[in-house]
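The structure appears below as structure tokens.
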Amino acid sequence: MTTIFSKIIAGEIPSDTVYQDDLVTAFRDINPVAPTHILIVPNKEIPTVNDISEADEAMVGRMLVVAGKIAKQEGIAEDGYRLIINCGRDGNQEVFHLHMHLLGGHNLGPIIRRRN
Ligand code: 5GP
């Protein structure tokens, strides 16, 4: 399933790309929810985490390595940041091309609130 992310990766539509290599591309989210909001996306069209296979292990590892590199580039590594992958309907995934959100630049608050 081709989404807008494939067109961004191919350079067919504009984006603020901060990193690209043979396995992943990273670009700024069009609708940021934090001072730094970057999407790290495999170049290969994989819809969700459910579609990742063992053959994709290098790519999945690269997503994390690149997240750390970009966090340093953005100057947020020391203060910290959050990585999120939404999956499917209950995860509120909107674009069905696997991607990891890198969020930081201010305190993000708790992501999970416990009900007592
Ligand atoms: P999801 O909810 O699927 O995890 O996140 C999709 C993200 O993609 C959203 O944060 C949304 O703002 C971002 N997004 C959607 N369309 C575009 C686009 O055309 N360009 C960029 N840079 N980001 C997009």
Tell me, please, which residues at least two apart from [X] pass side chain to side chain donor-acceptor pair (under 3.5 Å).
X     : value
Thr17 : Ser15
Asp56 : Lys44, Ser53
Gln73 : none

Output all residues satisfying side-chain contact (heavy atoms from CB on, under 4.5 Å) with [X], sequence neighbours left out; order by chain, then residue number.
X      : answer
Glu74  : Arg28, Thr36, Ile38, Ile70, Ile76
His106 : Ala34, Pro35, Leu108
Asn50  : Thr48, Cys87
Glu12  : Lys7, Ala10

(request) Mind jotting down which residue pairs meet the salt bridge (Lys or Arg N to Asp or Glu O under 4.0 Å) criterion with at least one end in residues 81-107? Sequence neighbours excluded, please. (result)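 As it turns out, there is no salt bridge (Lys or Arg N to Asp or Glu O under 4.0 Å) pair with a partner in residues 81-107 once direct neighbours are skipped.
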
(request) In sequence, state the C-alpha distance, the side-chain angles, and the governing distance for Leu98 and Val41, and then conclude on side-chain contact (heavy atoms from CB on, under 4.5 Å). (result) CA-CA 6 Å; Leu98 179 68; Val41 187; over 6 Å; no

Distance (rounded to the nearest 0.5 Å) between [X] [atom1] and [Y] [atom2]:
X     : Y     : atom1 : atom2 : answer
Lys69 : Leu64 : NZ    : CG    : 12.5 Å
Ile4  : Ile30 : CD1   : CD1   : 7.5 Å
Asp51 : Ile46 : CG    : CD1   : 7.5 Å
Asn86 : Asn92 : CG    : CG    : 6.5 Å
Thr2  : Phe96 : OG1   : CZ    : 15.0 Å

Does [X] share a hydrophobic cluster with [Y], counting links as ILVMFWY side-chain heavy atoms below 4.5 Å and allowing steps through other members?
X     : Y      : answer
Ile9  : Val66  : no
Ile13 : Val18  : no
Ile85 : Leu102 : yes
Val49 : Leu39  : no

(request) Any pair with a residue in residues 36-93 that passes ring pair (Phe, Tyr, Trp, His ring centres under 6.0 Å), sequence neighbours left out, goes on the list, sorted by first then second residue, please. (result)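 Those involving residues 36-93 are His37-His101.
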
(message) Suppose the criterion is ring pair (Phe, Tyr, Trp, His ring centres under 6.0 Å): which pairs have a residue in residues 44-66, not counting sequence neighbours?
(response)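 Listed once each, the pairs would be none.
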
Determine whether [X] and [Y] make a side-chain contact, defined as any pair of heavy atoms from C-beta on separated by less than 4.5 Å.
X      : Y      : result
Ile84  : Ile111 : yes
Glu45  : Thr3   : no
Leu103 : Leu83  : no
Pro42  : Met63  : yes

(message) For Asp21, give me all partners under salt bridge (Lys or Arg N to Asp or Glu O under 4.0 Å), at least two apart in sequence or on another chain.
(response) Arg62

(request) Just jot down the ring-ring contact (aromatic ring centres under 6.0 Å, His included) partners of Phe5, sequence neighbours excluded, or say none. (result) Phe27, His99

